[in-house]
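Values reported hereafter were calculated over all heavy atoms of this structure, with side chains retained and with hydrogens, waters and symmetry mates removed. Not measured: the values here are computed from a predicted model. Position 1 is the first residue of the sequence, and the numbers go up from there.
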Amino acid sequence: MSVATSLPEIRRRNPALRILYYAVCVLLVALIAGVWWLYSIARSALPQLDGSVAVPRISSKVRVVRDERGVPTIEAATLEDLFFAQGYVTAQDRLWQMDMMRRAAAGELSEVIGEDTVKMDREQRILGLRIAAEAAEKNISTRDRAYFDAYARGVNAFLEAHRDRLSLEFRLLKYTPRPWTVTDSLLVGARMVQDLNHYSYERALTREKVLAKLGPQLTADLYVNSSWRDRTPTDVRRIDQEPAVNSGDEDDDDDEEVDPEGGNGRLISAVPSDLRSSDFSSTRVSEVLVELEEADLFRPGSNNWVVSGQHTVSGKPLLSNDMHLDHQMPNLWFEAHLRITAGTNNGTKAAPNSAITTGNFDVAGVTLPGIPFVIVGHNQRIGWGFTNVGPTVEDDYIEEFNEQGQYKTPAGWRDAQHRHETIHVKGKPDVTLDVVTTRHGPIINDLLPTELIPGEARKIALRWTLQDGEGLVFFDVDSAQNWDEFRKAFSTFGAPGQNVMYGDVDGHIGYQATGRVPIRAAGDGSLPVSGSDDAHEWKGWIPFDQMPHVYDPPGGILATANGRITPEGYKYSISTDWDAPWRTDRIYRVLESGKKFAPADMLALQMDVSSTYDRFCADKFVYAVDHAASASARAKRAVEILRDWDGRMSADSAAPTIETKARQELARLLLEPKLGAASHGPNRGVLSWKSYRWGMSSVWLENVLTKQPARWLPPGYSDYGSLLTAAVENVVKQTRLVVDDPSNVASLAPSDLSQWKWGKNYPVEIDHLVLSQLPVIGRFTGPGLHPLSGSNYTVKAVGRGFGPSERLTWNFANFDESTLNVVTGESGILLSPYYTDQWAAWYGGSTFAFPFSPAAVEQHRAHEMTLEPR
């Protein structure tokens with residue numbers, strides 16, 4: 001019987017096979033139909049990039065030119081038309097992201113996602129970000145209200161015209177967004193404040209428990225807040241001067257050479273070809289291993305610096321900035337260029353109730369979807385960049401309540417305020433909660449992490465600067481033409497406090513710390529205080545003129561990387577939790593190398609993966625094992641890998657993995673006898689060694705390893721050499737990982753330690769919240785999982801879920817030679833060519849020109865759309 005005649009005959013004789021055959025056909029048809037439906041829906045959401053669009057409530061035509069990466073230059077005759085168009089254009093690419101951001105801030109995610117986000121929504125309702133945004137809207141100036149209103153009208157014009165063609169996420173979640181409002185824009189800003197300035201309240205409560213358990217001396221060791229390596233912006237030493245006092249004491253073995261040419265030396269972040277294979281995503285790092293990593297192994301951090309013309313090839317300043325934030329899909333920032341067309345002061349008709357028009361408003365950079373203006377950028381004369389100050393702007397007040405529900409104040413008992421909140425949950429009953437508020441703020445016991453809950457019977461109220469407003473300054477910042485106007489604009493900025501670098505075309509450079517920081521009657525916010533008296537009340541704000549700032553320093557170099565910014569003897573307390581100085585120190589070492597820098601050198605420094613701290617620890621491990629009486633063969637092999645390591649956290653290197661795992665184990669060996677073992681069973685939530693989270697935790701460990709105090713040497717170890725050796729021995733053992741055994745914190749080491757690659761153990765992962773869940777195509781909706789060079793302590797500060805949200809360099813000799821790239825792309829629309837077109841540059845360490853002049857914008861024009869009055 002031939003094959004051609006056998007299959008029909010078999011199907012006739014075997015009904016089960018016939019049923020299976022038809023079932024497979026039906027499934028294939030259904031799959032094809034489903035994919036086609038997804039494709040058609042996704043394609044229908046693609047924004048119009050060319051031609052004309054009639055829109056309501058603008059006074060004259062607005063021109064939108066997009067370059068080859070989809071970055072818009074928006075040209076309008078009036079400011080209201082300009083911000084209307086900004087809202088419209090941003091909504092074209094980012095409407096779903098904008099809706100998620102306002103929902104996340106307000107505590108309204110469960111309405112469209114379901115019960116999985118109820119806990120998060122509860123937290124947001126207790127914090128009251130919507131209450132803060134509504135209060136801020138009442139105080140907005142007439143001018144700014146006009147611009148925010150115009151932006152909201154632009155968003156809503158797009159929404160109304162595209163309700164049947166919204167992006168795929170809306171279709172999958174089966175909802176349509178409500179109209180955009182000014183409050184929504186302020187909510188997005190409030191959420192950014194939360195992301196950057198909302199953590200010290202939790203650390204104060206943890207510190208209180210640690211203090212009660214360890215006493216003042218050990219607690220002071222752990223919560224160190226300065227280092228001899230600190231470089232504050234107001235340290236105005238010249239390059240040829242000796243380092244400041246205490247900058248070179250105690251075991252300064254950090255004398256690595258700096259490659260001033262930026263070649264194949266220290267300034268590298270090459271991703272090796274053997275780790276770029278497409279099948280890497282299938283080798284996912286175990287979630288258990290991620291959970292068991294050391295508490296402060298990775299902590300987001302940003303960099304900015306500016307150098308004067310004496311250090312550049314052009315003779316004009318260069319300013320660089322990479323703000324390291326949590327990854328998301330689409331990426332956080334939206335690039336844009338906003339320009340008032342020339343001649344608009346000559347009788348151009350303004351829109352109804354229009355504010356002023358101006359012919360010199362011309363600003364470009366990154367914007368925050370949902371908010372008008374440019375947040376970080378440059379105009380025709382000045383440019384700026386941000387890093388987070390990390391100020392202590394939250395206080396925990398212990399409130400005393402009586403049986404009637406009143407709380408005690410210096411004036412007697414007072415009724416608490418009650419705010420009723422209802423959380424709508426998709427497919428489930430509503431969740432209600434009663435938010436209790438005192439004169440200091442909401443009672444936040446429900447927000448506390450698990451290790452702080454047991455035994456906590458006190459009522460804790462949160463005082464936070466967000467309750468006093470954000471400070472809407474960015475129109476004035478975008479418009480500023482010199483240092484004085486720039487500082488005046490930021491003088492009313494409330495939150496989140498930022499380190500702002502400044503440069504201008506006249507060759508000046510500067511630095512200004514911003515944000516409201518409270519002056520307390522007593523204390524510094526590092527520990528909870530009584531709310532029943534006025535002994536620790538906020539008396540006011542640190543005066544803006546007394547916040548750290550400097551203009552045209554003699555050395556011509558300014559840099560910050562979230563580290564300490566206050567000089568010795570500074571009269572106020574800005575932060576009780578500065579970040580470690582490693583990145584700041586590294587940046588200064590490179591910039592002070594004597595080289596004349598070009599923009600390409602600035603990118604090389606942003607991609608630098610050299611870690612002084614990790615090399616310091618590696619040297620300690622090598623010395624200890626070399627002098628150990630009976631080190632194992634595997635420990636000796638480990639230190640051989642470490643011995644000649646140069647401290648670069650390269651994806652294809654095993655040394656960073658060995659050192660990091662050994663350092664993680666060393667921290668456990670030191671902390672566990674003092675704070676207790678970490679439990680993943682019934683006792684989870686008890687204070688343990690993993691409860692210790694601190695910006696300068698690395699400085700604590702450096703101090704311990706340098707000074708080797710007896711008070712920190714754990715029982716059972718004769719000296720620090722044996723302790724260091726034990727840490728290495730423990731991590732190179734090929735023992736089975738037991739989740740319920742807190743002593744086994746290291747992942748399984750391979751038999752060949754040289755294959756323990758850093759990039760595979762500590763990758764970056766970026767997935768779309770919704771689209772990644774789709775079958776078949778989900779893996780193509782975001783970059784996914786990739787090996788990555790860099791760490792928390794390198795200038796290229798990265799982790800699994802965070803990294804540079806953008807990389808920019810402003811070239812004040814010629815703004816057309818400035819560079820800017822974001823993580824994935826401009827668009828949040830899946831099938832857009834600009835959805836992930838910037839990922840390869842971000843991952844590989846290249847960037848793009850950012851055209852600014854009219855001629856450059858025309859040269860890079862790929863699309864042109866006109867918004868016309870309806």
For Val857 and Arg339: C-alpha separation, side-chain torsions, deciding distance, then whether side chain to side chain contact (heavy atoms under 4.5 Å, CB included) applies.
CA-CA 12 Å; Val857 169; Arg339 174 188 292 162; 4.2 Å; yes
With a 4.0 Å cut-off on N to O distance, would you call [X] and [Y] a salt bridge?
X      : Y      : value
Glu108 : Arg178 : yes
Asp476 : Arg143 : yes
Arg191 : Asp195 : yes
Arg69  : Glu826 : no
Arg153 : Glu80  : yes

Are any side-chain N or O atoms of [X] and backbone N or O atoms of [Y], one a donor and one an acceptor, separated by less than 3.5 Å?
X      : Y      : result
Asp121 : Leu109 : yes
Ser110 : His424 : no
Arg870 : Ala54  : yes
Asn304 : Gly385 : yes
Glu806 : Val366 : no
Thr183 : Ala133 : no
Thr387 : Ala561 : no
Arg94  : Val89  : no
Asp478 : Val374 : yes
Asn156 : Trp180 : yes

Where [X] and [Y] come nearest, the two heavy atoms and their spacing:
X      : Y      : result
Trp384 : Asn379 : CZ3-N, 4.4 Å
Gly370 : Ser185 : O-OG, 2.6 Å
Met101 : Leu332 : CE-CD1, 4.0 Å
Val770 : Leu172 : CG1-CD1, 4.2 Å
Gly114 : Thr117 : O-OG1, 3.2 Å
Leu173 : Val112 : CD2-O, 3.9 Å

Could you walk me through whether Met865 and Gln92 pass the side chain to side chain contact (heavy atoms under 4.5 Å, CB included) check?
CA-CA 12 Å; Met865 178 181 72; Gln92 282 187 298; 3.7 Å; yes
Above 12 or not: heavy atoms from other molecules or residues under 6.0 Å from NZ of Lys426?
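Yes.
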Let me confirm one number: the [atom1]-[atom2] distance from [X] to [Y], rounded to the nearest 0.5 Å.
X      : Y      : atom1 : atom2 : answer
Arg63  : Ser52  : CZ    : OG    : 14.0 Å
Phe334 : Gln86  : CZ    : CD    : 8.5 Å
Thr73  : Asp67  : OG1   : CG    : 7.0 Å
Ile371 : Leu187 : CD1   : CG    : 10.0 Å
Ser832 : Asp837 : OG    : CG    : 7.5 Å
Leu127 : Arg122 : CG    : CZ    : 12.0 Å

Is any side-chain heavy atom of [X] less than 4.5 Å from a side-chain heavy atom of [Y]?
X      : Y      : result
Phe84  : Val62  : no
Phe848 : Leu820 : no
Tyr835 : Met329 : yes
Asp93  : Tyr834 : no
Leu472 : Leu186 : yes
Asp184 : Arg130 : yes
Leu196 : Leu325 : yes
His786 : Trp839 : yes

So Phe386 and Phe490, would you call those rings parallel, tilted or perpendicular, with 30° and 60° as cut-offs?
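Taking Phe490 first and then Phe386, their aromatic rings stand perpendicular (interplane angle over 60°).
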Going by atom types only, do [X] and [Y] share a side-chain donor-acceptor pair under 3.5 Å?
X      : Y      : answer
His327 : Asp767 : no
Asn388 : Asn562 : no
Ser167 : Glu169 : yes
Gln838 : Glu335 : yes
Ser320 : Thr809 : yes
Asp81  : Ser59  : yes

So, Phe83 versus Tyr151, ring centres under 6.0 angstrom or not?
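Distance test on ring centres: not under 6.0 Å, no.
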For Phe148, check ring-ring contact (aromatic ring centres under 6.0 Å, His included) against everything at least two apart and list the hits.
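Once residues adjacent in sequence are excluded, the partners of Phe148 under the ring-ring contact (aromatic ring centres under 6.0 Å, His included) criterion are Phe373.
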Show your working on side chain to side chain contact (heavy atoms under 4.5 Å, CB included) between Thr781 and Leu830 and close with a plain yes or no.
CA-CA 7 Å; Thr781 61; Leu830 178 60; 3.9 Å; yes
Pair Glu111-Tyr175, side chain to side chain contact (heavy atoms under 4.5 Å, CB included): steps then yes or no:
CA-CA 10 Å; Glu111 185 176 8; Tyr175 82 99; over 6 Å; no
